[in-house]
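What you see below is based on every heavy atom in this structure, not just the backbone, and it leaves out hydrogens, waters and symmetry mates. Keep in mind that what you see is a predicted model, and the values were worked out from it rather than measured.
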Amino acid sequence: MQNLVIYNTLHRQKERFQPIAAPNVGMYVCGPTVYGDPHLGHARPSITFDILFRYLQHIGYKVRYVRNITDVGHLEHDADEGDDKIEKKARLEQLEPMEIAQHYTNRYHDAMRMLNVLPPSIEPHATGHIIEQEELVKEILKNGYAYESNGSIYFDVAKYDKDHHYGVLSGRNLNDMINNSRELAGVGEKKNQADFALWKRAMPEHIMRWPSPWGDGFPGWHCECTAMGRKYLGNHFDIHGGGLDLVFPHHECEIAQAVASQGEDMVKYWMHNNMITINGQKMGKSLNNFITLEQFFTGNHKTLDQAYSPMTIRFFILSAHYRGTVDFSNEALQAAQKGYERLMNGIEDLNRIPTADASDDNTRLFVSGLRQKCYDAMNDDLMTPAVISLLFEACHVVNLLIDHKAQISADDLKELSETMTLFTFNILGLKNERSANNDAREEAFGKVVDMVLDLRAKAKAEKNWAVSDQIRDALAEAGFQVKDTKDGVTWKLDK
């Protein structure tokens, strides 16, 4: 099994990956809040953890990958007065909130399929786990780290910080947070500004509400991931991931909730992908500077020079290390498109390479070391840009071989082909879109021919021999060989 090293955000360093119960791995990743079309900011964490999911399975681990769907309104960043995005949209469109959630969940799934993101092992929805979230709140209350205020339940951060450390993931200090918030005018129902909602009392106009021991309401944003992660992965699991913007407050609060409820940490490794930016700013709905994935695929956005295919988007994201920022530009996407096409050309050209009795020294040396170099790059915190660079080197070797400037044996060609295919398609998760388009065209082509033959069969049944012969002759002139057999009509293209 490969010696994988990953960066643990909790300890701020690379660490050798050692699962709690080898060879089983539990992985939880924060999924989307479904109140709008998926955008490029959704694509990065989905692709990042798809790579991790693929690679862990490839190197021999049995992975239970849980990625949640947030389909219930929450107080975004724990504002005391916050709009429930799903509910707000439901009112505007005169729909049930769950119609809104289901519509955008379907849109998210469609986009992920186009990006070739594998589905998770389990995809729990927040609304399906209200009971588990209530139980979590009860445990925290019982252990003395929460309090009730006007029908809502808040986490007592100051009390927790006396026994543990609130800020362990983000590196923040509670005293600094309190001092920085003193200028705010009051704290409302909270004891202090740093406290966050575990359960919020529903106002009369609030549509999405559930009964609880504290009255009708809805869970705080942070509860869902702690409750669902524990339900499906246990009190201790290996990896919790998400975007860097979730480190504080969401994941910091998750750590506090887990420790306050069960007395110890729940997660062993925390992993976070960095942001996609546009003009140096985070791309996202809150800043109204996002571009939806559909707009990328169609080119229908004022800032886009052209349409970009799903695999171009995937290649663009993988061309940067997951912990580095990626700044959107048409130039960067066009470069990604060229890089993707270069790699696909290299793989297609493998079939054109003539073999020799033996490889020349340089080719043999490159091919013999390529697979391990790719593994080394993946084992170094999923260094996908380095893997792509190595695959580009392989494309250069392919060109030399086609131009008869190098030679390769059949065995070495097989190794080169298997390595390029493994890392391009199985691990990086790219697809040859041209091949997929050809398959689609061939399927459509076959349907048209079958339709024409059905018309011929209908003409024969009506004893309209002139039309029947006319269709047969036209097909023959186009290069089709049509045969009438006792089992029906068969055809093939001769030309």
Residue pair I51 / L428: nearest heavy atoms and the distance that separates them: CD1-O, 3.5 Å

Between E15 and N8, a side-chain donor and acceptor under 3.5 Å: yes

Q18, CD: over 12 other non-hydrogen atoms inside 6.0 angstrom: yes

Short side-chain to backbone donor-acceptor contact, T419 and L416, under 3.5 Å: no

Intermediate values then yes/no, salt bridge (Lys or Arg N to Asp or Glu O under 4.0 Å), R352 and D349: CA-CA 5 Å; R352 299 172 52 206; D349 286 344; 3.2 Å; yes

Pairing residues for R209 by the salt bridge (Lys or Arg N to Asp or Glu O under 4.0 Å) criterion, not counting sequence neighbours: D216

H240 and E254 side chains, donor-acceptor separation under 3.5 Å: yes

Taking every non-hydrogen atom, the tightest pair across I6 and D381: CA-OD1, 3.4 Å

Backbone N/O of I276 and side chain of R44: donor-acceptor pair under 3.5 Å: no

More than 12 heavy atoms of other groups within 6.0 Å of E96 CD: no

Ring-face cation contact, F248 with R172, 6.0 Å cut, 45° max: yes

Spatial distance of atom OG (S170) from atom CD1 (I255) [nearest 0.5 Å]: 8.5 Å

Side chains of H272 and T9, donor plus acceptor under 3.5 Å: yes

Heavy-atom donor-acceptor pair, R67 side chain to S121 backbone, under 3.5 Å: no

Within 45° cone of Y7 ring axis and under 6.0 Å: R323 NZ or CZ: yes

Pair Y104-D71, side-chain donor/acceptor within less than 3.5 Å: no

Criterion ring-ring contact (aromatic ring centres under 6.0 Å, His included) against H58, the qualifying member of Y375, F53, F425: Y375

Side-chain H-bond candidate by donor/acceptor type, T292 with Q295, under 3.5 Å: yes

Over all atoms of both residues, closest heavy-atom pair of Y108 and P38: CA-CG, 3.9 Å

Nearest heavy-atom neighbours spanning C225 and H250: SG-NE2, 3.5 Å

Salt-bridge contact D376-K373 (side-chain N to carboxylate O under 4.0 Å): no

Separation between CE of M311 and CG of N116, rounded to the nearest 0.5 Å: 5.0 Å

Test item: side-chain donor near acceptor, T70 and N68, under 3.5 Å: yes

Between H129 and E134: side-chain donor-acceptor atoms closer than 3.5 Å: no

N345 side chain to E341 side chain, donor-acceptor N/O pair below 3.5 angstrom: no

Donor + acceptor pair across side chains of Q337, T312 (<3.5 Å): no

Whether H222 and F196 hold their rings parallel, tilted or perpendicular, with breakpoints at 30° and 60°: perpendicular

Test: D37 and R107 ion pair at under 4.0 Å: yes

Under 3.5 Å side-chain donor-acceptor pair for N3 and R16: yes

Which atom of N330 lies closest to which atom of Q306, heavy atoms considered: OD1-N, 4.4 Å

Side chain Q2, main chain I59, donor-acceptor under 3.5 Å: no

Backbone N/O of M27 and side chain of D238: donor-acceptor pair under 3.5 Å: no

Stepwise side chain to side chain contact (heavy atoms under 4.5 Å, CB included) check, D305 with Q334: CA-CA 9 Å; D305 292 344; Q334 288 161 10; 3.8 Å; yes

Euclidean distance, I347 CD1 relative to L430 CG, rounded to 0.5 Å: 8.0 Å

Steps toward side chain to side chain contact (heavy atoms under 4.5 Å, CB included) verdict (S46, L115): CA-CA 9 Å; S46 300; L115 291 169; over 6 Å; no

Heavy-atom closest contact (G346 atom, M420 atom, distance): C-CE, 4.4 Å

Side-chain donor or acceptor of N432 paired with backbone N/O of R434 under 3.5 Å: yes

R230 with E132: basic N within carboxylate O range, under 4.0 Å: no

Interatomic distance, L453 atom CG to K458 atom NZ [nearest 0.5 angstrom]: 15.0 Å

Side-chain heavy-atom pair T48, L52 within 4.5 angstrom cut-off: no

Pair T127-H125, side-chain donor/acceptor within less than 3.5 Å: no

H109 (side chain) donor-acceptor with N106 (main chain) under 3.5 angstrom: no

Pair E294-T298, side-chain donor/acceptor within less than 3.5 Å: no

H11 vs W270, side chain to side chain contact (heavy atoms under 4.5 Å, CB included): CA-CA, chis, key distance, verdict: CA-CA 9 Å; H11 299 147; W270 288 86; over 6 Å; no

ring-ring contact (aromatic ring centres under 6.0 Å, His included) partner of Y269, chosen from F237, Y28, F17: F17

Stepwise ring pair (Phe, Tyr, Trp, His ring centres under 6.0 Å) check, H206 with F218: CA-CA 10 Å; H206 209 97; F218 52 93; 4.2 Å; yes

Cation-pi check, R64 onto Y232 ring (under 6.0 Å, within 45° of axis): no

side-chain contact (heavy atoms from CB on, under 4.5 Å) against L333, all qualifying residues, sequence neighbours excluded: F296, Y308, I313, F316, F328

Validation row: K14, D380 side chains within 4.5 angstrom (heavy atoms): yes

Test item: T226 side-chain N/O and Q257 main-chain N/O as donor-acceptor pair under 3.5 Å: no

Heavy atoms from other residues, nucleotides or ligands near NE2 of H396 exceed 12 (cutoff 6.0 Å): no

With R314 via salt bridge (Lys or Arg N to Asp or Glu O under 4.0 Å) - residues at least two apart: D50

Verdict with supporting geometry, V367 and I408, side chain to side chain contact (heavy atoms under 4.5 Å, CB included): CA-CA 9 Å; V367 172; I408 190 169; 4.2 Å; yes

Contact check, side chains of P385 and L318, non-hydrogen atoms, under 4.5 Å: no

Residue I131 excluded, over 12 heavy atoms near CD1 under 6.0 Å: no

Note: R371-E418 ion pair, threshold 4.0 Å (strictly below): yes

N300 atom CG, over 12 foreign heavy atoms within 6.0 Å: no

Heavy-atom side-chain proximity of Y55 to L4 below 4.5 angstrom: yes

